[in-house]
Amino acid sequence: MENQKKTIQRSATGAQELCCKECGGTFIFRRRERERFDNYGWPAPKRCPDCRRVAQERKREAEKRREDAEWQEKKAEEKKNFENLLKGWNVVSKDDIRPESDRVLYIVGNGFDLMHGVRSSYYAFRDTLGKQNPLRASLEQFWTPEDIWADFEAGLAHFNAKAMCSRFMVHEWLDTCEAYDEDAGMAEFFMAVEGAANPILTVVNDLQRRFRMWVESLVIGTEDRPLRGMFHNGKVLCFNYTEFVETLYDISEEHVCYIHGCRRKKKYRPKDNLILGHMPGESEDSYDFSDDSYVGTRDPRKLQMIEAAQEHVFRLVAESDDALTKNCGDIIAAHKPFFSELNEIEEVIVIGHSLSPVDWDYFAEVASKLPNGKACHWYFGCHGCRDLDNLEQLMDKLKLDPDTVSVFRTDTIVTTPIKDENVCKAYNGPVEKTRDVSADGQWEVRSAGGSLSVIDRKTWEANYETMFSSYVDDAFFAPTGKHMFVVIRGVDAGVLLLCMEDEHWRLVDELESMQHQSLLNPRLNQVYLTDKKVTFVYNSRVREYSLEDGKLISNRALRNAGSFAYDGVAIGHLFQRRKRGFKP
């Protein structure tokens with residue numbers, strides 16, 4: 001390893017090998033990282049990615065302890081306020097609500113599932129997506145509520161249209177997709193349009209699929225039945241996507257209206273569409289933004305393209321917004337037979353519903369169908385101050401007589417969780433994988449997360465070890481066995497070049513990408529390797545890099561570049577692991 005240590009900080013302008021001051025290990029400070037650090041005037045990092053992660057984890061744990069303490073304090077204060085507010089309401093015990101006839105309507109919301117141990121909160125849905133999921137990233141970065149998951153459906157109306165539709169963003173995407181090039185076609189133009197609108201397109205395209213996958217995985221988490229005495233053989237207006245109201249309390253399916261669809265799979269019948277979204281008109285403010293950003297060009301042709309592209313982006317955003325809108329009127333009309341049968345209802349029991357304005361139209365429809373001249377009594381289960389606030393506004397909207405309204409607490413309902421026998425073991429970090437073996441069988445390259453090692457298969461000792469701040473997607477040896485490529489994909493995609501020198505592997509450099517354009521973009525058609533250079537061929541561009549120092553030696557535009565012949569061995573398939581056919 002002595003030779004490796006001598007090469008530390010060998011590259012002066014591109015990627016660098018640095019030594020961690022804590023663990024003494026080698027890590028690579030990539031070209032893009034260095035550019036960002038230089039822009040902010042920051043010094044190069046002194047700790048490797050692993051040591052930095054440990055320090056950050058300690059900081060996060062301390063922050064979590066502080067937040068937990070604040071949350072407990074806030075929770076105690078809210079409970080105190082809730083109990084004070086309840087003094088102004090007619091509060092009854094849930095155990096005293098025992099309908100004696102089937103002339104009762106149950107309105108069931110997500111709180112019903114939650115009180116039965118179902119992990120059905122939108123936070124649980126978020127966690128199933130993972131931190132790096134594009135759908136989650138779009139929702140958390142391009143939607144304006146501080147916490148999109150706190151009131152998810154209402155939050156879908158408030159997106160950052162400026163971050164997608166502004167002249168500056170549209171210009172950036174046109175430039176990135178090379179739509180300004182003289183030889184560019186409509187494909188590059190519409191690629192830029194879709195790139196700008198990608199956050200909301202991602203939500204529209206992925207939300208329904210991922211949401212259904214999550215809903216279909218939900219299970220009951222307790223053996224307790226805390227509402228056993230409350231349920232009778234009445235009608236149920238269910239806002240949940242699960243059928244648990246049937247299985248938990250023996251309610252007949254024919255008495256239940258799943259107003260937003262049910263996950264149940266029925267033979268010879270298509271699956272219900274699971275409906276979620278915001279109220280019509282709620283997103284109007286999202287389109288109201290000033291667009292005075294300077295796009296950095298006065299070229300009439302480019303300005304005309306920006307205007308045309310911006311119009312297309314607005315159209316895509318508006319169409320996507322429509323797809324995220326829940327039209328309650330149409331949904332009510334589709335379930336007209338159920339609502340028409342409510343003319344004999346004498347009691348309405350609302351369980352686990354937040355009473356959010358997004359669903360008030362359904363409550364209004366219920367109230368309009370209740371029998372005239374009868375003092376129908378409403379029971380509302382409330383979990384906190386927010387429920388009481390919504391209830392007060394709903395009563396005003398429905399013109400309910402306070403004497404016909406009672407409240408029962410659901411925050412005091414406690415159930416015993418089912419012991420999970422399949423709890424996952426603690427995660428001990430990424431698993432090391434063999435990425436490739438050299439043609440002569442001497443070298444084996446392995447990676448685990450951001451770590452990389454080259455093993456001498458004669459001694460099974462590491463000839464070269466390093467770390468990256470990014471996940472190593474792949475690594476492979478060139479056919480000659482003298483060079484190796486390390487592939488990193490994702491946001492900070494790039495290709496690093498290593499070579500054999502004095503029987504030791506060393507970093508040459510990270511191959512330089514063009515501004516706004518990664519080496520590994522969808523237009524990459526072919527890659528060729530000679531003894532002195534590697535050539536990347538795109539649709540309309542050719543880039544050549546020196547194998548001696550990894551520098552860009554040629555970058556030229558060439559229409560239909562993939563149709564020409566190039567020197568060297570074709571190695572484009574090596575950048576696509578599945579096509580390589582390598583099996584460790």
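- Between Leu237 and Tyr258, every side-chain heavy-atom pair lies at or beyond the 4.5 Å cut-off.
- Contact check for Glu510 versus Ile28: no side-chain heavy atoms found under the 4.5 Å cut-off.
- Under 4.0 Å is where a charged nitrogen must lie from a carboxylate oxygen, and between Lys74 and Glu67 no such pair does.
- To the nearest 0.5 Å, atom CG of residue Asp206 and atom CG of residue Leu129 are 9.5 Å apart.
- Residues Asp509 and Arg31 are paired through a salt bridge, judged by an N-O separation under 4.0 Å between the basic side chain and the carboxylate.
- The side-chain heavy atoms of His260 and Leu276, taken from C-beta on, include no pair separated by under 4.5 Å.
- Side chains of Lys94 and Met230 form a contact here, defined as non-hydrogen atoms less than 4.5 Å apart.
- Pairs engaging residues 134-160 under the salt bridge (charged side-chain N to carboxylate O under 4.0 Å, His left out) rule: Arg136-Glu140, Asp151-Arg386, Glu153-Lys326 [sequence neighbours left out].
- The residues Arg65 and Glu70 are annotated as not salt-bridged, no charged nitrogen and carboxylate oxygen being separated by less than 4.0 angstrom.
- Taking 4.5 Å as the limit, some side-chain heavy atom of Leu520 sits within range of a side-chain heavy atom of Arg489.
- Here the side chains of Leu394 and Phe363 are in contact, with some heavy-atom distance below 4.5 Å.
- Residues Leu201 and Ser320 are in side-chain contact: their nearest non-hydrogen atoms beyond the backbone lie under 4.5 Å apart.
- Taking the six-membered ring for Trp and the full ring otherwise, Tyr379 and Tyr106 have centroids separated by 6.0 Å or more.
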For residues 161-170, run the donor-acceptor check on the side chains, cut-off 3.5 Å, and write out each pair with its distance to 0.1 Å, sequence neighbours left out.
from   : atom 1 : to     : atom 2 : distance (Å)
Ser166 : OG     : Lys162 : O      : 3.1
Ser166 : OG     : Met169 : N      : 3.3

Steps toward side chain to side chain contact (heavy atoms under 4.5 Å, CB included) verdict (Leu452, Glu465): CA-CA 6 Å; Leu452 182 89; Glu465 293 179 302; over 6 Å; no
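- Within 6.0 Å of atom CZ in Arg58, 12 or fewer heavy atoms from other residues, nucleotides or ligands are found, so the atom counts as exposed in its surroundings.
- Note: Phe159 and His278 fail the aromatic proximity criterion, with ring centroids not under 6.0 Å apart.
- Around the CD atom of Gln132, the shell of radius 6.0 Å holds no more than 12 heavy atoms that belong to other residues, nucleotides or ligands.
- Residues forming a side-chain hydrogen bond (donor to acceptor under 3.5 Å, both in side chains) with Gln141 (at least two apart in sequence, or on another chain): none.
- Interatomic distance, Asp288 CG to Ser283 OG, rounded to the nearest 0.5 Å: 12.0 Å.
- The ring pair (Phe, Tyr, Trp, His ring centres under 6.0 Å) search around Trp378 returns Phe380, not counting sequence neighbours.
- Within 6.0 Å of the CD atom in Glu63, the count of heavy atoms belonging to other residues, nucleotides or ligands exceeds 12.
- In this structure, Tyr241 has its ring center closer than 6.0 angstrom to the ring center of Phe211.
- In this structure, His353 has its ring center closer than 6.0 angstrom to the ring center of Phe239.
- Residues Asn160 and Thr144 bring no donor and acceptor atom of their side chains to less than 3.5 Å of each other.
- Using a 4.0 Å cut-off between charged side-chain N and carboxylate O, Asp50 and Arg53 make a salt bridge.
- Electrostatic pairing of Glu22 and Arg47 counts as a salt bridge here, judged by a charged N lying under 4.0 Å from a carboxylate O.
- Residues passing the ring pair (Phe, Tyr, Trp, His ring centres under 6.0 Å) test with Phe142: none are found, sequence neighbours excluded.
- Rounding to the nearest 0.5 angstrom, the gap separating the CG atom in Asn327 from the CG atom in Asp361 is 9.0 Å.
- Using a 4.0 Å cut-off between charged side-chain N and carboxylate O, Arg446 and Glu432 make a salt bridge.
- The environment of Glu392 atom CD is sparse: at most 12 non-hydrogen atoms of other residues, nucleotides or ligands sit within 6.0 angstrom.
- Annotation: the span from Thr222 atom OG1 to His116 atom NE2 amounts to 8.0 Å, rounded to 0.5 Å.
- Side chain to side chain, Ser121 and Asn110 fail the donor-acceptor criterion of an N or O pair below 3.5 Å.
- Between Leu227 and Ile351, the closest side-chain pair of non-hydrogen atoms falls below 4.5 Å.
- Of the charged side-chain nitrogens involved, none lies within less than 4.0 Å of a carboxylate oxygen, so that Lys75 and Glu78 do not count as a salt-bridged pair.
- The aromatic ring centroids of Trp149 and Phe152 lie less than 6.0 Å from each other.
- Phe37 is linked by a ring pair (Phe, Tyr, Trp, His ring centres under 6.0 Å) to Phe29, Trp42, counting only residues two or more places apart in sequence or in another chain.
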